Amino acid sequence: MSQSDRFGPPGGLGRNVAIAGSVVVLHAATLWAMQHGLLQRAPEEVIVPAQVIAEFISPPAPEPEAPKPPPPPPPPKPQPVVKKAPPLPKAIADPKPAPAAPRGTLDDEPKPVVEAPPAPPAPPAPPAPPAPPAPPKIELPSNNAAYLNNPAPNYPAISRRMGEQGTVTLRIFVDAQGLPQKIEVSKSSGYDRLDQQAVDGVKNWKFVPGKSNGTPTPMWVTVPVKFTLN
């Protein structure tokens, strides 16, 4: 038997040697690591129970209080001052005796009469207030004078046919020359045609102007205008 048949093919021997060398190296590395502490087991955690230490501390002793000073003595009460009254003057006797009063001088002689002073004169009466001025004399305007020739307003024909009649009361403002300046219907006749005809007819009238104390003065006057069917 040849050497190659005993140990097998040359490739199988080299593989076995390599494996054996690897195992040796691994064991050697493990031993080296254990010696140097690289593969040491992790230390187990040790739990130490805490101990409660209680110490009784006594409170500090109170400091002794300083003795209080004695209260001051009360002030002495003021003694009342008694004032002595001055001595009364001694009466000195008059060496001269008083003259005797003559008889009949106290009750028999007439007593003087004291007259009261005259009363002061009464103050003069105040003057009477002046009489108020007399009210002015008023004369209202007039349209009845014959010389005025004021024609009556025309009777509307349609009012005649329809039987309209009545009295229109006009309020007229007459100036100082006797001319109507403003005309108002104070009371209607009940028909507008008659009221308007009365206003139109009075516009051309002339009046005797009103007077105040004889002076022509503008003023208002009331004039009735009648519309009557014959």
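All values derive from a computational prediction rather than experimental measurement. Worth knowing before you read on, the calculation uses all heavy atoms, side chains too, and leaves out hydrogens, waters and symmetry mates.
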Checklist entry - Atom CD1 of I183 and atom CZ of F173: how far apart are they, to the nearest 0.5 Å? => result 12.5 Å

Next on the checklist: Are F227 and Y191 connected into the same hydrophobic cluster when the rule is that any two of I, L, V, M, F, W, Y join if their side-chain heavy atoms are below 4.5 Å apart?
Outcome noted: yes

Item to check | Heavy-atom closest pair, residues L229 and G163 | outcome: CD1-CA, 3.6 Å

Checklist entry - Hey, what else clusters with M219 if you join Ile, Leu, Val, Met, Phe, Trp, Tyr whenever side-chain heavy atoms sit under 4.5 Å? => result I138, L140

Next on the checklist: For a 4.5 angstrom cut-off between non-hydrogen side-chain atoms, does T167 reach V225?
Outcome noted: no

Checklist entry - Under the criterion side-chain contact (heavy atoms from CB on, under 4.5 Å), which of L148, N150, V223 is the partner of F207? => result V223

Checklist entry - When hydrophobic residues are tied together by side-chain contacts of less than 4.5 Å, even through go-betweens, does V221 share a cluster with L170? => result yes

Item to check | side-chain contact (heavy atoms from CB on, under 4.5 Å) partners of A176, counting only residues at least two apart | outcome: P216, P218

Checklist outcome for this item: Applied to residues 124-135, the salt bridge (Lys or Arg N to Asp or Glu O under 4.0 Å) test, sequence neighbours excluded, yields none

Checklist entry - With sequence neighbours left out, what residues match R160 under salt bridge (Lys or Arg N to Asp or Glu O under 4.0 Å)? => result none

Checklist entry - How far apart are the closest heavy atoms of G166 and S189, and which atoms are they? => result C-CB, 4.0 Å

Item to check | ring pair (Phe, Tyr, Trp, His ring centres under 6.0 Å) pairs, two or more places apart, involving residues 119-143 | outcome: none

Checklist entry - Which pairs with one or both residues in residues 165-191 pass salt bridge (Lys or Arg N to Asp or Glu O under 4.0 Å), sequence neighbours excluded? => result R171-E184, K182-E184

Checklist entry - Quick one: side chain to side chain donor-acceptor pair (under 3.5 Å) pairs with a partner in residues 204-224, sequence neighbours left out? => result none

Next on the checklist: Is the shortest side-chain heavy-atom distance between D200 and P153 below 4.5 Å?
Outcome noted: no

Item to check | Contact check, side chains of T169 and V185, non-hydrogen atoms, under 4.5 Å | outcome: no

Checklist entry - With sequence neighbours left out, what residues match S188 under side chain to side chain donor-acceptor pair (under 3.5 Å)? => result D195

Checklist entry - When Ile, Leu, Val, Met, Phe, Trp and Tyr are grouped by side-chain heavy atoms lying under 4.5 Å apart, directly or through other members, which residues fall in the same group as M162? => result I158

Next on the checklist: Please enumerate all residues that pass salt bridge (Lys or Arg N to Asp or Glu O under 4.0 Å) together with D192, with sequence neighbours excluded.
Outcome noted: none

Checklist outcome for this item: Sequence neighbours excluded, the answer for side chain to side chain donor-acceptor pair (under 3.5 Å) partners of Q165 is none

Checklist entry - Between CD1 of I172 and OG of S186, what distance do you get to the nearest 0.5 Å? => result 10.5 Å

Checklist entry - Q197: what forms a side chain to side chain donor-acceptor pair (under 3.5 Å) with it, not counting sequence neighbours? => result none

